[in-house]
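Working notes, beginning with the structure itself.
The shown structure was predicted, so the numbers you read here are calculated from the model rather than taken from an experiment.
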Amino acid sequence: MATKIGFTKPVLESLIDDNAGKRLVVHDAKQPSLIAELREGGTLSFYFYRWSAGKPHRMRIGAFPEVTIDQARDQCRKWIGKQIDGVDLASVRRA
């Protein structure tokens with residue numbers, strides 16, 4: 001079961017501080033398809049993660065705090081809309 005938390009700046013900052021040296025993936029409770037991944041080196045990045053056509057699609061949005069939570073949520077909404085419209089995000093990303 002995926003861990004869902006409400007993304008706020010203090011929550012994500014404490015996630016980084018409390019899990020130094022670990023790899024961790026958490027899902028945003030507010031925005032479907034938004035995940036944050038903490039790497040062993042202490043970098044936290046936002047990703048769009050959503051299944052489409054029987055395959056998982058995972059696209060990097062950017063690193064926290066350079067990319068804000070609101071910016072990451074907005075980007076997820078845009079990409080969800082494109083998927084609903086039938087756009088193959090994987091091919092767009094490769095182009």
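Residue pairs meeting the salt bridge (Lys or Arg N to Asp or Glu O under 4.0 Å) criterion with at least one partner in residues 15-27, sequence neighbours excluded, are R23-E37.
Here the NZ atom belonging to K30 is positioned 14.0 Å from the CD1 atom belonging to I5, to the nearest 0.5 angstrom. F46 contributes atom CZ, which lies 9.0 Å from atom CD of Q71 (distance to the nearest 0.5 angstrom). Atom-to-atom distance recorded for I61:CD1 and K78:NZ is 10.5 Å, nearest 0.5 angstrom. Between atom CG of residue L44 and atom CD1 of residue I16 there is a gap of 4.5 Å, rounded to the nearest 0.5 Å. The CZ atom of F48 sits 12.5 Å away from the CZ atom of R58 when rounded to the nearest 0.5 Å. Separating the CG atom in L15 from the CZ atom in F7 is a distance of 8.0 Å, to the nearest 0.5 Å.
Under the 4.5 Å side-chain heavy-atom criterion for ILVMFWY residues, a single connected hydrophobic cluster contains both L38 and V11. I84 and W51 end up in different hydrophobic clusters when Ile, Leu, Val, Met, Phe, Trp and Tyr side chains are linked at under 4.5 Å.
Every side chain to side chain contact (heavy atoms under 4.5 Å, CB included) that E13 has, sequence neighbours left out, goes to K9, F64. Y47 meets the ring pair (Phe, Tyr, Trp, His ring centres under 6.0 Å) test with no other residue; sequence neighbours excluded.
Closest non-hydrogen pair, A72 versus L34, comes out as CB-CD1, 3.9 Å. Nearest approach of S33 to C76, heavy atoms of both residues: O-SG, 3.6 Å.
A salt bridge is absent between D28 and K4; no separation between the charged side-chain nitrogens and carboxylate oxygens falls under 4.0 Å. Between R77 and D74 there is a salt bridge, since at least one side-chain N of the basic residue sits less than 4.0 Å from a carboxylate O of the acidic one.
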message = Determine whether I69 and L12 satisfy the following criterion, side chain to side chain contact (heavy atoms under 4.5 Å, CB included), listing intermediate values before the conclusion.
response = CA-CA 10 Å; I69 297 164; L12 294 181; 3.8 Å; yes

ask   = Would Q31 and I80 count as a side chain to side chain contact (heavy atoms under 4.5 Å, CB included) if you check the C-alpha gap in whole Å, the side-chain angles of each, and the deciding distance to 0.1 Å?
value = CA-CA 11 Å; Q31 176 60 54; I80 289 170; 3.7 Å; yes

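Residues P56 and Y49 are in side-chain contact: their nearest non-hydrogen atoms beyond the backbone lie under 4.5 Å apart. Side chains of Q83 and V87 form no contact here, defined as non-hydrogen atoms less than 4.5 Å apart.
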